[in-house]
**Q** 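Pasting a structure below so you can have a look.
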Amino acid sequence: MKHRVFSGARPTGRQHLGNYLGALQNWVNMQDDYDCVYCIVDIHALTTLEDTSSLQKDIYEMTLDWLAAGLDPKKSILFVQSHVPEVMVLHTLLSMVTPLGWLLRVPTFKEKAKIQPQNVNYGLVGYPVLQTADIVIYKAEFVPVGEDQLPHLELAREIARRFNNLFGDTFPEPQAKLTLFPSILGLDGKEKMSKQLKNDIEIALSPEDTIKRVMTAVTDPARQYRSDPGHPEICNIYRLQGYFNPSQVDALADQCRSAKIGCVDCKMLLAQKINSNLEPFRERRAAFAAKPQYIKDVLADGAQRAQAIASETLSEVKQKMGLI
Ligand code: TYM
């Protein structure tokens with residue numbers, strides 16, 4: 001039997017290079033060797049969204065990105081979190097074995113509380129418990145994610161361990177799987193690439209808009225004049241060249257250090273490489289966008305398959321906790 005993989009993403013709409021390089025690439029690559037379940041976590045999205053009017057459109061846009069990137073509904077289960085409500089029941093049950101102190105220490109909780117001090121809601125504190133429920137309800141052993149999710153995975157293992165100790169062996173302790181690019185910085189060159197911080201490059205942008213976005217990126221801040229030698233090791237654009245332009249990356253480092261290439265030319269080269277790399281993705285995306293009913297069918301079928309697994313685990317948990 002294949003080992004099970006679970007991962008999820010918040011429906012922030014179109015995916016950016018951080019999601020793509022940090023997670024989605026692994027999701028696609030794992031499909032042949034693992035039994036994969038991928039989830040659009042709409043309930044998690046509600047922890048940061050005050051205006052939910054674009055939620056359905058964002059779910060649709062994200063599904064298009066996933067399919068165009070190579071997720072195959074014949075191989076993997078693709079579904080929307082709220083369509084399988086069993087996970088919310090498991091979230092409540094797991095909340096009973098999760099000390100509040102563990103949750104208040106999670107770095108993402110502290111970050112979000114800083115970004116949205118007007119909306120430090122109860123769901124935000126319980127976010128990692130719901131994330132744990134997402135994973136363990138499918139008894140997943142591996143979770144392909146970007147580096148920012150590691151604290152959540154650590155907590156998921158602790159919650160699973162605690163449940164197993166209290167009620168008997170039930171859940172595997174899930175392990176994270178990182179890509180070679182587990183942390184992509186945003187265009188500001190400081191914070192991680194993120195929709196909320198508006199420092200992202202969407203993979204579905206047109207070639208022209210991709211060039212415009214890349215040209216706004218911050219490079220080596222010490223390099224003020226074209227003749228200043230650069231420091232590729234601290235430059236986010238250089239890191240992205242490593243993925244999109246691997247054959248030229250060493251030569252570019254030398255040219256940057258000796259000021260033979262300027263940041264503008266380096267960024268233009270990167271933008272062109274991103275565009276040529278993503279051209280097949282963008283063509284597939286346009287083809288999927290012409291079939292909106294197919295997208296709905298994929299998610300409905302995924303929810304049905306996911307629910308079959310989730311309801312079985314939930315019954316087992318209820319039994320072990322003495323609820324039935
Ligand atoms: P989310 O929606 O923020 O991101 C989805 C995936 O993309 C990765 N990622 C990045 N990787 C590298 N560099 C970046 N700048 C970058 N930005 C995002 C994330 O690490 C993630 O893998 N809490 C999760 C969603 C979730 C989940 C789960 C994940 C809910 N339940 C269960 C795994 C398992 C989140 O907010 O991801």
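Every number for a ligand or one of its atoms is a count from 1 in the order of the listing.
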**Q** Donor-acceptor pairs under 3.5 angstrom involving side-chain atoms of residues 142-155: please list them, not counting sequence neighbours.
**A**
from : atom 1 : to   : atom 2 : distance (Å)
D148 : OD2    : K192 : NZ     : 2.6
Q149 : OE1    : Q131 : NE2    : 3.2
Q149 : OE1    : H152 : ND1    : 2.9
H152 : ND1    : Q131 : OE1    : 3.1
H152 : NE2    : T108 : OG1    : 2.6
E154 : OE1    : R157 : NH2    : 2.9

**Q** Can you name the nearest heavy-atom pair linking I135 to P174, along with the distance?
**A** CG2-CB, 3.7 Å

**Q** Specify the closest pair of heavy atoms between K198 and R213, including all atoms of both residues, with the distance to one decimal.
**A** O-NH2, 3.4 Å

**Q** Find the distance between OG (S95) and CG (L90) and round it off to the nearest 0.5 Å.
**A** 9.5 Å

**Q** Applying side-chain hydrogen bond (donor to acceptor under 3.5 Å, both in side chains), which residue pairs with at least one partner in residues 79-88 are found, sequence neighbours left out?
**A** D42-S82, H44-Q81, Q81-D134, E86-Q307

**Q** Note every protein N or O atom lying under 3.5 Å from an N or O atom of ligand 1, pairing the names and giving the distance.
**A**
from     : atom 1 : to   : atom 2 : distance (Å)
ligand 1 : 2 (O)  : R10  : N      : 2.8
ligand 1 : 3 (O)  : R10  : NH2    : 2.7
ligand 1 : 7 (O)  : N19  : ND2    : 3.2
ligand 1 : 11 (N) : G18  : O      : 3.2
ligand 1 : 13 (N) : I184 : N      : 2.8
ligand 1 : 15 (N) : I184 : O      : 2.8
ligand 1 : 15 (N) : M193 : N      : 3.2
ligand 1 : 15 (N) : M193 : O      : 3.1
ligand 1 : 20 (O) : G146 : N      : 2.8
ligand 1 : 20 (O) : D148 : OD1    : 2.5
ligand 1 : 22 (O) : G146 : N      : 3.1
ligand 1 : 23 (N) : Y127 : OH     : 2.7
ligand 1 : 23 (N) : Q131 : OE1    : 2.8
ligand 1 : 23 (N) : Q149 : OE1    : 2.9
ligand 1 : 31 (N) : D134 : OD2    : 2.7
ligand 1 : 36 (O) : R10  : NE     : 2.7
ligand 1 : 36 (O) : Y127 : OH     : 2.8

**Q** Which pairs with one or both residues in residues 215-242 pass ring pair (Phe, Tyr, Trp, His ring centres under 6.0 Å), sequence neighbours excluded?
**A** none

